[in-house]
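In what follows, a structure is listed as structure tokens, so that the remarks can point back to it.
Residues take their numbers from the sequence shown, with the count starting at 1.
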Amino acid sequence: VQLQAFGGGLVQAGGSLKLSCTASGRTIGSYGWFRRATGKEREFVATIRWDRNTYYADSVKGRFTISRDNAKNTGYLQMDSLRPEDTAVYYCAADSRLILSQRANAQAYDYWGQGTKVTVSS
């Protein structure tokens with residue numbers, strides 16, 4: 001499975017960006033988004049299951065929306081009300097299993113895309 005992530009960029013605080021993650025080679029059970037800010041550990045952002053059940057990190061809840069288009073084998077992360085602390089390299093992850101036991105854990109995902117950088121200016 002190959003994942004390609006797109007949509008990063010520079011935006012002012014309060015603005016929006018939409019990231020996409022297209023998978024090729026296999027049907028995806030779950031998509032996840034993680035991020036790593038400079039000097040920090042990688043952290044979980046959001047995940048969506050095959051049945052569109054979602055789960056978010058507290059830091060993004062109410063501001064970010066994860067979705068998927070199964071026909072396009074693509075996952076999305078709509079990011080609204082962006083803050084400077086959201087600045088990071090965002091990584092999409094995916095797995096073919098329908099259910100992940102620890103879906104906020106990066107180790108649960110078999111496939112990873114390249115990162116896309118998001119910079120939020122104050």
Within 45° of the six-membered ring axis of Y76 and under 6.0 Å from that ring's centre, is NZ or CZ of K18 located there? yes
cation_pi(R36, W112) dist<6.0 Å, angle<=45: no
To the nearest 0.5 angstrom, please state how far the [atom1] atom of [X] sits from the [atom2] atom of [Y].
| X | Y | atom1 | atom2 | result |
| --- | --- | --- | --- | --- |
| L98 | W50 | CG | CH2 | 6.5 Å |
| D110 | S96 | CG | OG | 6.5 Å |
| S16 | F64 | OG | CZ | 9.5 Å |
| L3 | N73 | CG | CG | 9.0 Å |
| R63 | R83 | CZ | CZ | 4.0 Å |
| Y109 | R97 | OH | CZ | 9.5 Å |

Identify whether the distance between the nearest side-chain nitrogen and carboxylate oxygen of R103 and D95 falls below 4.0 Å. no
Heavy-atom count check: over 12 atoms from other residues, nucleotides or ligands less than 6.0 Å from [X] [atom1]?
| X | atom1 | value |
| --- | --- | --- |
| K72 | NZ | no |
| R26 | CZ | no |
| Q2 | CD | no |

Does the side chain of R68 pick up a donor-acceptor pair with the side chain of Y31 at under 3.5 Å? no
Report yes if the side chains of L19 and W33 come closer than 4.5 Å at any heavy-atom pair, otherwise no. yes
Should the pair F34 and F44 be assigned to parallel (<30°), tilted (30 to 60°) or perpendicular (>60°) ring geometry? perpendicular
Can a donor-acceptor pair be found, under 3.5 Å and without considering hydrogens, that links the side chain of T87 to the backbone of T119? no
Among all residues two or more places apart in sequence or in another chain, which pass the salt bridge (charged side-chain N to carboxylate O under 4.0 Å, His left out) test with K61? D58
